[in-house]
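Presented below is the structure to which this report refers.
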Amino acid sequence: MIEHLPESEQAWLETFFALPNELNWRSLLGGSAPAEQADQVRRWLTHLRPDSANAPLVLPFMRGGEVTGWYATTQGMAGEDELGDELKAWLGSWLSRFDRVPSDASDPMAAALRGRFGGAVYRFTGPDGAARRAIADRLGDCAVLLGRKPTVTRVQIRPVGAIRGDFERALLAGDETQAEAMIAELKQTGRLNEENLKYLDVRLSAGLGLWPQIARDHWLIKTLAELALPPQILADLIEALYRTYVDEAEAGDDPAALREAFANHVATPYPKLFASRRGIRAPRVVKAFALFEQLQPSPDPAIVASLLALLPAGSGTGLFELAPFTEAKSPSATTLDEAEEAYDDRQIDRAFEFYMRLPPSKKTISRLVSCVGTIGTDVARDRLFSLLEGSDPKIFESLAPAVAAKIESLRLSQTADSAPAQAQPTPAATLSPWLRWAEQLQAGRNLVAAERDAQSAPTNWDASEIRESSALAQQFANIIGGLDGEGSAIARAAVPQIFASFFPDDVKASPAAKPIASLLFLLIAVSDTLSRSDLDLLAQLTTMLIEQGLSSSEYVSLMNDLEDVQKRIGSYAYLPWSLDVAESLAILPSPSDQARDARLRLFLQVLGQAASFAHRLAPADLVSVDTLAKDYGVGSEAVNVLKREQDVDEVAAAALPNLEGKTIGIYTLAEAAGSRAKIALERLFPGCKVVVNSDLVATTQLTNLAKTADLFVFAWKSSSHQAFYCVKDALVGKEPIWAPGKGTASILRAVLDRLN
């Protein structure tokens, strides 16, 4: 160790180990120094490493043939006071002298240490030889313990909002591993309680589409129903219950069976979930509240009608309308007793509607204020103030101070949310909360509220007006795309919410929303760093844009943007993603020769980058490249560049196991990728049988394949949730091969990784 120290270190050591210190540096290097002292020095000098930069150094001073004292310092300015306290505690009663050497003292040993490290230098000794030997032993133990001390890395805790944004992006991309990593990071902030952790578990399962996993956890839902849930979590719980227990009955088109399924599995076990809709507009949640109202002893037609009016245009509402024989009450016949009963039963939305129909009084206004606090929407707040405007002023004088204070707080929030006279929203924005939000960012108005509002937007804001209108979609994209400063940062952070609102997983993407898909692509692509989740979202958006229809110039522009992304992530780790994107482009239509040239350039860029790590390529990678080369009409010369460092046949024979007679099952909804993977795997493993399944629901064929296949590949980013549970049950404890992407390259890499 000593002889291998760099010259820069040996220079100051030669100064320290020189007269008056009788322990000489040359003797230490040459091996002639006393073994006990040399060993002591060697132990401490092992800490002169970058990964031990926080460790102290303690070096001996020798006179008259024995060690008579020591000098100690830190490797830098940090921790110098703590070092003194620790040494005194460690050495305790054996010390007779312990002092901090003044910076102007004429002590060559202290000067050598201070000149090298810059921190405080301590000098200490014991009263006699026995004490000094004890000190030497204790210091030896200390040096050994420091050598075993694990390296502590200070992790900077990111803002909760930034971590939560990455969590939502991971859910959008279907990346469970990344989402769980974000939950772990959120836990490290120390700002999560038990309720928050339960919310995250629900959001994780909902974001991944594992609805039955939520719906079948009775005690979780029962526990959460007692809490004042955030709108997103309330929506996730009701959505899970509806999808699991009611969807099938709704598809049967039988109103009686629909109400029975809802009553048995949702309304009766979990009535507290229906205290308030909290402004949620998700179709299944709205339908659930409409059904819950119909189950009341005296259903209110106006409440049912107002709920059904929230459903997207074209939704069939016949199943959810009140049956002709139902005993329905008239709004004008509402009584205070009915309002009080609804309020006492914690049916807050129902109570609010009933109180709004009654003449204002001290009691009704107090109850309405309480209801607005629970409902928590601007609509409820504004309706309350519309009622108060025509009320008798004497009523306000009679209100309890706490109620009056809440009204004033609500009035202040209404004032803050209203636009200044010089920046009134456009007519279109008065119809769409998303456009109002965009114009709010553009005007730089109340940005804190805008950032907060975006979090609940996917559940509470209707995006259908913009999604179905090319003009409104372009207007929204132009505003958000032109933002800068803090407004732009808020928009980029809201990418998961924009994506989830305009492109929900159960609604076919509308061609009219193409400008918003382009906007999302750019908001993600310009990020300082690109995570795996970001790349997966970019791949989704690429497919979506092409399927929506691009002009030749739009297609070329998209390829240029993908080239910029590829420049930033070109590595072996991301090669499956690059090949999957190239495969999607090869399969999807391109509008012109210029467009085909642009996608060819992107593929050649991937090949060029792959050449730099050709030595790492596995047979599966080369099979994917060969197939794509044929798709793109690329000659064998370009592909052979990747094979120069290895003979493919020899490598394949040496590295791949023999799967002759074995069966590999593949489940994917991307049928083209599944067919290509089948051909590639049968080429890689002669005699192996590959079976691809793309069933949307649980079928006998899928169950049998999962049970009998020797290897079962599940492309979970291209799968149906019913199929997921079918496969999970059929495997009975066996772990499938999870393909991280939808394309052939991801499937092949996943299989090879499992076999290796």
* **Shortest non-hydrogen contact between A454 and A494, atoms and distance** => CB-CB, 4.1 Å

* Heavy-atom side-chain contact between W94 and D137 under 4.5 Å -> no

* To do: Just say parallel, tilted or perpendicular for the rings of Y71 and F16, cut-offs at 30° and 60°.
  => perpendicular

* Note, W25 side chain near L29 side chain (heavy atom, < 4.5 Å) -> yes

* Asked: Distance-only, no hydrogens or angles: does the Q40 side chain make a donor-acceptor pair with backbone N or O of G140 under 3.5 Å?
  -> no

* To do: Could you tell me whether a side-chain N or O of Q605 sits under 3.5 Å from a main-chain N or O of E563, the two making a donor and an acceptor?
  => yes

* To do: Would you check if the side chain of R132 reaches a backbone N or O of G126 as a donor-acceptor pair within less than 3.5 Å?
  => yes

* Roughly how far, to the nearest 0.5 Å, is CD of E36 from CZ of R133? -> 9.0 Å

* Given side chain to side chain contact (heavy atoms under 4.5 Å, CB included), test R749 with L575 step by step and report yes or no. => CA-CA 10 Å; R749 176 76 72 86; L575 181 62; 4.0 Å; yes

* To do: For D536 and Q540, test the side chains for any donor-to-acceptor distance below 3.5 angstrom and give the result as yes or no.
  => no

* **Non-hydrogen atoms of V58 and L139 that approach each other most closely** => CG1-CD1, 3.8 Å

* Structure fact -> On a heavy-atom basis, the closest approach of P576 and S746 is CB-OG, 3.9 Å

* Nearest 0.5 Å please: distance from the CG atom of D217 over to the NZ atom of K222. => 13.0 Å

* **Derivation and outcome, side chain to side chain contact (heavy atoms under 4.5 Å, CB included), residues V606 and V625** => CA-CA 10 Å; V606 173; V625 170; over 6 Å; no

* To do: Can you measure from CD1 (I666) to CZ (F712) and round to the nearest 0.5 angstrom?
  => 9.0 Å

* Asked: Is the shortest heavy-atom distance from the side chain of L95 to the side chain of I135 under 4.5 Å?
  -> yes

* Asked: Does the D141 side chain pair with the main chain of R138, one donor and one acceptor, at a distance under 3.5 Å?
  -> no

* Asked: Are V495 and R169 close enough that some pair of their side-chain heavy atoms sits under 4.5 Å apart?
  -> yes

* To do: Indicate yes or no for a side-chain donor-acceptor contact from D580 to the backbone of A745 under 3.5 Å, with no hydrogens or angles considered.
  => yes

* Asked: Using 4.0 Å as the upper bound for N to carboxylate O, is an ion pair formed by R123 and D107?
  -> yes

* Please determine, by modelled atom types, if S205 and Q213 share a side-chain donor-acceptor pair under 3.5 angstrom. => yes

* **Spacing of Q75 atom CD and L113 atom CG [to the nearest 0.5 Å]** => 10.5 Å

* Structure fact -> Closest heavy-atom pair, A539 versus V581, reported as atoms and distance to 0.1 Å, is CB-CG2, 4.1 Å

* Asked: Side-chain contact, heavy-atom cut-off 4.5 Å: L227 with Y199?
  -> yes

* **Any side-chain donor near an acceptor of the partner, R492 and S488, under 3.5 Å** => yes

* Could you tell me whether a side-chain N or O of R114 sits under 3.5 Å from a main-chain N or O of V101, the two making a donor and an acceptor? => yes

* **Test item: T74 side-chain N/O and P56 main-chain N/O as donor-acceptor pair under 3.5 Å** => no

* F167 vs R203 side-chain heavy atoms within contact, under 4.5 Å -> yes

* Is a side-chain N or O of S27 found less than 3.5 angstrom from the main chain of S32, in a donor-acceptor match? -> no

* R754 side chain vs P736 backbone, donor-acceptor pair below 3.5 Å -> yes

* Structure fact -> Here the side chain to side chain donor-acceptor pair (under 3.5 Å) pairs for residues 567-579, sequence neighbours left out, are Q566-S578, Y572-D621

* **Rounded distance [0.5 Å steps], CG in D236 versus CG in D201** => 12.0 Å

* To do: In sequence, state the C-alpha distance, the side-chain angles, and the governing distance for M182 and R158, and then conclude on side chain to side chain contact (heavy atoms under 4.5 Å, CB included).
  => CA-CA 11 Å; M182 292 302 99; R158 294 193 295 154; 3.6 Å; yes

* State the CD1-CD distance between I183 and E176, to the nearest 0.5 angstrom. => 9.0 Å

* **Heavy-atom side-chain proximity of D710 to L659 below 4.5 angstrom** => no

* Side chain of N21, backbone of M62: donor and acceptor closer than 3.5 Å? -> yes

* Walk me through it: do L541 and F499 pass the test side chain to side chain contact (heavy atoms under 4.5 Å, CB included)? => CA-CA 10 Å; L541 289 165; F499 200 123; 3.6 Å; yes

* Less than 6.0 Å separating the ring centroids of F98 and Y122? -> yes

* Asked: Got I747 and T744 here, is their nearest side-chain heavy-atom distance under 4.5 Å?
  -> no

* Grab the two heavy atoms, one from A525 and one from L538, that are nearest each other, plus how far apart they are. => N-CD2, 4.2 Å

* Name of the residue among D175, I524, T177, D166 meeting side chain to side chain contact (heavy atoms under 4.5 Å, CB included) with S533 -> D175

* Minimum heavy-atom distance G487-L447, with the two atoms named -> N-CD1, 4.4 Å

* Asked: Which word best sums up how the rings of F117 and W12 line up, parallel for under 30°, tilted for 30 to 60°, or perpendicular for over 60°?
  -> perpendicular

* Asked: In terms of heavy-atom contacts, does CD of E180 have more than 12 from other residues, nucleotides or ligands at under 6.0 Å?
  -> yes

